[in-house]
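In each ligand, atom 1 is the first atom listed, and ligand 1 is the first ligand listed.
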Amino acid sequence: MNPRPKRTINAIGALSMALMLTPTAARALDADAAQALLKKSDCLKCHAVDKKKDGPSYKEVAAKYKGKADAEQKLYTHVTTSPKVKVDGKEEEHASVKTKDAAEIRNLVQWILSR
Ligand code: HEC
């Protein structure tokens with residue numbers, strides 16, 4: 001018996017599954033875009049995902065806001081309105097993200113909150 005026809009059918013099945021899943025993946029968090037925006041905005045000078053630098057680690061931020069309904073709004077404001085923060089004991093304006101695209105900013109905030 002030639003097993004090939006069966007394998008072909010399985011391959012088509014796997015392919016159509018992948019195609020069905022694609023729209024979901026596109027709506028999910030875009031980690032690459034989030035990290036690219038952090039880099040472009042110089043956030044990594046003061047923040048890392050899992051260790052404290054001049055600013056808290058993003059894991060720490062995610063833990064602080066865990067379960068808070070207004071977390072996304074709070075962080076969105078934090079990274080777009082240059083609030084005063086203490087860096088090394090000196091008060092200065094916090095950096096803002098280098099984009100005006102709300103979807104891009106929301107993606108970054110959600111990425112930070114899911115660390
Ligand atoms: C000069 C250093 C510095 C840079 C650059 C910087 N941050 Fe911060 N960031 C801080 C400090 C310090 C805090 C802690 C502020 C506080 O808790 O009062 C902070 C806090 C935060 C928080 C937590 C806010 C909260 O409400 O707990 C987030 C989120 C954040 N930064 C994101 C960013 C992003 C995104 C960028 C890039 C656009 C960035 N930071 C660039 C120093 C920096």
Legend entry - Residue C43, metal atom 8 (Fe) of ligand 1, N/O/S under 2.8 Å: no
Legend entry - For atom 29 (C) of ligand 1, closest protein heavy-atom neighbour: L75 CD2, 3.8 Å
Inset, instruction - Give the numbers and elements of all ligand 1 atoms closer than 4.0 Å to a heavy atom of K86. - result: 12 (C)
Inset, instruction - Tell me which protein heavy atom sits closest to atom 11 (C) of ligand 1, plus the residue, atom name and distance to 0.1 Å. - result: G55 CA, 3.6 Å
Inset, instruction - Just say parallel, tilted or perpendicular for the rings of H47 and Y58, cut-offs at 30° and 60°. - result: parallel
Inset, instruction - Starting from atom 26 (O) of ligand 1, locate the nearest protein heavy atom and write down its residue, its atom name and how far away it is, to 0.1 Å. - result: Y65 OH, 2.5 Å
Inset, instruction - Measure the distance from atom 13 (C) of ligand 1 to every protein heavy atom, then report the residue, atom name and distance (to 0.1 Å) of the closest one. - result: P56 CD, 3.4 Å
Inset, instruction - Among all protein heavy atoms, pick the one closest to atom 23 (C) of ligand 1 and tell me residue, atom and distance. - result: V61 CG2, 3.7 Å
Inset, instruction - Could you tell me whether a side-chain N or O of K53 sits under 3.5 Å from a main-chain N or O of L44, the two making a donor and an acceptor? - result: yes
Inset, instruction - Could you tell me whether H47 and ligand 1 have an N or O pair separated by under 3.5 Å? - result: yes
Legend entry - Closest protein heavy atom (residue, atom, distance) for atom 15 (C) of ligand 1: V85 CG1, 3.6 Å
Legend entry - Any non-hydrogen protein atom less than 4.0 Å away from atom 17 (O) of ligand 1: no
Inset, instruction - Tell me whether C46 has at least one N, O or S atom under 2.8 Å from atom 8 (Fe) of ligand 1. - result: no
Legend entry - S96-ligand 1 polar pair, N/O distance under 3.5 Å: no
Inset, instruction - Can you pull out the closest protein heavy atom to atom 33 (C) of ligand 1? Residue, atom name and distance to 0.1 Å, please. - result: H94 CE1, 3.3 Å
Inset, instruction - Answer yes or no: is there a donor N or O on one side and an acceptor on the other, between the side chain of N107 and the main chain of D30, under 3.5 Å? - result: yes
Inset, instruction - Verify, without hydrogens or angle tests, whether S41 (side chain) and K98 (backbone) share a donor-acceptor contact under 3.5 angstrom. - result: yes
Legend entry - Sub-3.5 Å N/O-N/O distance, K64 and ligand 1: yes
Inset, instruction - Give the residue and atom name of whichever protein heavy atom lies nearest to atom 20 (C) of ligand 1, and the separation in Å to one decimal. - result: H78 NE2, 3.4 Å
Inset, instruction - Report yes or no: does a heavy atom of E92 sit under 4.0 Å from some atom of ligand 1? - result: yes
Inset, instruction - Kindly work out whether a path of hydrophobic side-chain contacts (I/L/V/M/F/W/Y, heavy atoms less than 4.5 Å apart) joins V87 to V79. - result: no
